[in-house]
Undergrad: 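For reference, the structure I am asking about is given below.
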Amino acid sequence: KAGGGEKVNGGISSMAKQTIIVMSDSHGDRSIVEEIKNYYLGKVDGIFHNGDSELPSDDPVWEGIHVVAGNMDFYDGYPDRLVTDLNGTRIAQAHGHLFQINFSFQKLDLWAQEENADICLYGHLHIPDAWMEGKTLFLNPGSISQPRGLITERLYAKVEIEEDHFRVDYFTRQHQLYPSLSKEFAR
């Protein structure tokens with residue numbers, strides 16, 4: 001298994017409202033990663049992939065995308081965890097398998113607290129979910145290629161970050177809103 005500990009990225013462009021795109025678990029489907037990247041690059045403040053892409057870490061598709069290793073990423077070069085400062089918003093990102101999220105979110109929550117994360121992104125479960133724990137928004141965008149659970153749509157997430165709240169929306173591969181999962185959280 002490839003992996004490289006933790007990496008910390010510097011800040012990204014500043015704006016009053018910030019927007020990020022989050023995808024995960026594309027499992028070899030390079031075309032959808034490229035499609036989402038091309039659709040949003042230059043229009044949002046950050047694009048994140050939470051692992052299990054099964055693509056080489058030096059693939060040009062990763063230019064402009066914050067990406068971590070998943071349990072199915074066997075190429076060297078991916079960090080296991082990533083912390084990005086988005087103009088003062090700390091985003092902790094991991095696939096989740098190394099925190100045993102199949103059984104409990106306690107280890108992931110403790111790591112998010114250690115990193116003083118405002119947002120903690122994860123994948124692995126292929127199930128879209130978003131909730132607040134303390135000051136931290138936890139977000140799984142679901143799988144863009146192989147959904148599991150009750151939601152059978154292949155999804156990614158968009159997070160709008162404002163001073164006093166987060167807004168989470170999920171979108172299909174055709175960039176259509178999946179409204180039943182939309183949520184807002186006070187900060």
Undergrad: I'd like to know if the side chain of D73 reaches the main chain of G70, judged simply by a donor and an acceptor atom lying under 3.5 Å from each other, with no hydrogens or angles considered.
TA: yes
Undergrad: So I20 and I47, do their side chains get closer than 4.5 Å, heavy atoms only?
TA: no
Undergrad: Is T172 reaching over with its side chain to a backbone N or O of Q174, donor-acceptor style, under 3.5 angstrom?
TA: yes
Undergrad: Please check if the number of heavy atoms outside Q106 that lie under 6.0 Å from its CD is greater than 12.
TA: no
Undergrad: Roughly how far, to the nearest 0.5 Å, is the CD1 atom of I32 from the NZ atom of K37?
TA: 14.0 Å
Undergrad: Where do G88 and D118 come nearest, in terms of heavy atoms and distance?
TA: O-OD2, 3.7 Å
Undergrad: Looking at L177 and P179, what are the two nearest heavy atoms and their distance?
TA: O-CD, 3.1 Å
Undergrad: Under a 4.5 Å cut-off applied to non-hydrogen side-chain atoms, are E162 and R167 in contact?
TA: no
Undergrad: Quick one: pull up NE2 in H95 and CG in D52 and give me the separation to the nearest 0.5 Å.
TA: 3.5 Å
Undergrad: Could you give me the CA-CA distance, side-chain angles and deciding distance for V22 and Y122, then say whether side-chain contact (heavy atoms from CB on, under 4.5 Å) is met?
TA: CA-CA 9 Å; V22 187; Y122 69 98; over 6 Å; no
Undergrad: Is any side-chain heavy atom of C120 closer than 4.5 Å to one of L108?
TA: yes
Undergrad: Mind checking whether Y156 and Y40 have ring centres under 6.0 Å apart?
TA: yes
Undergrad: Checking S31 against D29 for the side chain to side chain donor-acceptor pair (under 3.5 Å) test, could you report, in this order, the C-alpha distance in whole Å, the side-chain angles of both residues, the deciding distance, and whether it holds?
TA: CA-CA 6 Å; S31 63; D29 189 346; 2.8 Å; yes
Undergrad: How about P56 and W62: do any of their side-chain heavy atoms sit closer than 4.5 Å?
TA: no
Undergrad: Decide yes or no for I91 and V83: does some side-chain heavy atom of the first lie under 4.5 Å from some side-chain heavy atom of the second?
TA: no
Undergrad: Please name the pair of heavy atoms, one in R81 and one in V68, separated by the smallest distance, quoted to 0.1 Å.
TA: C-CG1, 4.0 Å
Undergrad: Establish, for the pair K43 and Y39, whether the NZ or CZ atom is under 6.0 angstrom from the six-membered ring centre and no further than 45 degrees off its axis.
TA: yes
Undergrad: Is any NZ, NE, NH1 or NH2 atom of the basic residue among R90 and E115 found under 4.0 Å from an Asp or Glu carboxylate oxygen of the other?
TA: yes
Undergrad: Examine F185 together with F166 and report whether their ring centres are nearer than 6.0 Å.
TA: no
Undergrad: Between T136 and A112, what is the shortest heavy-atom contact and its length?
TA: CG2-CB, 4.3 Å
Undergrad: Is the side chain of H49 donor-acceptor paired with the backbone N or O of G51 at a distance under 3.5 Å, no angle test?
TA: yes
Undergrad: Of all heavy-atom pairs between A94 and F99, which one has the smallest distance, and what is that distance?
TA: CB-CE1, 3.7 Å
Undergrad: Should L82 and L110 be counted in the same cluster of Ile, Leu, Val, Met, Phe, Trp and Tyr side chains packed under 4.5 Å apart?
TA: no
Undergrad: Distance-only, no hydrogens or angles: does the N50 side chain make a donor-acceptor pair with backbone N or O of S24 under 3.5 Å?
TA: no
Undergrad: Does P128 offer a backbone N or O that forms a donor-acceptor pair with the side chain of N140 under 3.5 Å?
TA: no
Undergrad: What heavy-atom pair brings A117 and K135 nearest, and what distance separates the two atoms?
TA: O-CE, 3.6 Å
Undergrad: Under a 3.5 Å distance rule, please check whether K158 uses its side chain to pair with a backbone N or O of V168 as donor and acceptor.
TA: no
Undergrad: Tell me if a side-chain donor or acceptor on N71 pairs with a main-chain N or O of H97 at a distance below 3.5 Å.
TA: no
Undergrad: Answer with yes or no whether the side chains of N38 and E34 bring together a donor and an acceptor at under 3.5 Å.
TA: no
Undergrad: Would you please indicate yes or no on a ring centroid separation below 6.0 angstrom for H126 and H27?
TA: yes
Undergrad: Can a donor-acceptor pair be found, under 3.5 Å and without considering hydrogens, that links the side chain of S57 to the backbone of Y75?
TA: no
Undergrad: Once you round to the nearest 0.5 Å, how far does CE of M72 lie from CZ of F74?
TA: 4.5 Å
Undergrad: Under a 3.5 Å distance rule, please check whether S26 uses its side chain to pair with a backbone N or O of G28 as donor and acceptor.
TA: no
Undergrad: With salt bridge (charged side-chain N to carboxylate O under 4.0 Å, His left out) as the criterion, how do K183 and D169 come out once you've worked through the C-alpha distance, each side chain's angles and the decisive distance to 0.1 Å?
TA: CA-CA 7 Å; K183 296 180 182 178; D169 289 303; over 6 Å; no
Undergrad: Check the pair N102 / H124 against side chain to side chain donor-acceptor pair (under 3.5 Å), numbers first and verdict last.
TA: CA-CA 8 Å; N102 294 63; H124 189 56; 2.9 Å; yes
Undergrad: Is any side-chain heavy atom of Q93 less than 4.5 Å from a side-chain heavy atom of H66?
TA: yes
Undergrad: With R173, which of I36, I144, L155 fulfils side chain to side chain contact (heavy atoms under 4.5 Å, CB included)?
TA: I144
Undergrad: Does a donor on one side chain sit under 3.5 Å from an acceptor on the other, for H175 and E35?
TA: yes
Undergrad: Can you tell me how far apart CD1 (I161) and OG1 (T19) are? Round to the nearest 0.5 Å.
TA: 7.5 Å
Undergrad: Decide yes or no for M23 and F48: does some side-chain heavy atom of the first lie under 4.5 Å from some side-chain heavy atom of the second?
TA: no
Undergrad: Go through E160 and K17 one step at a time and tell me if the side-chain contact (heavy atoms from CB on, under 4.5 Å) criterion holds.
TA: CA-CA 7 Å; E160 294 177 349; K17 176 170 96 173; 3.7 Å; yes
Undergrad: Rounded to the nearest 0.5 Å, what's the gap from CG on L41 to CD1 on I65? Could you check?
TA: 8.0 Å
Undergrad: Measure the shortest side-chain to side-chain distance between D25 and Q146 over non-hydrogen atoms and say whether it is less than 4.5 angstrom.
TA: no
Undergrad: Is the distance between the ring centroids of F105 and W131 less than 6.0 Å?
TA: yes
Undergrad: Any salt bridge between R187 and E163, counting N to O under 4.0 Å?
TA: no
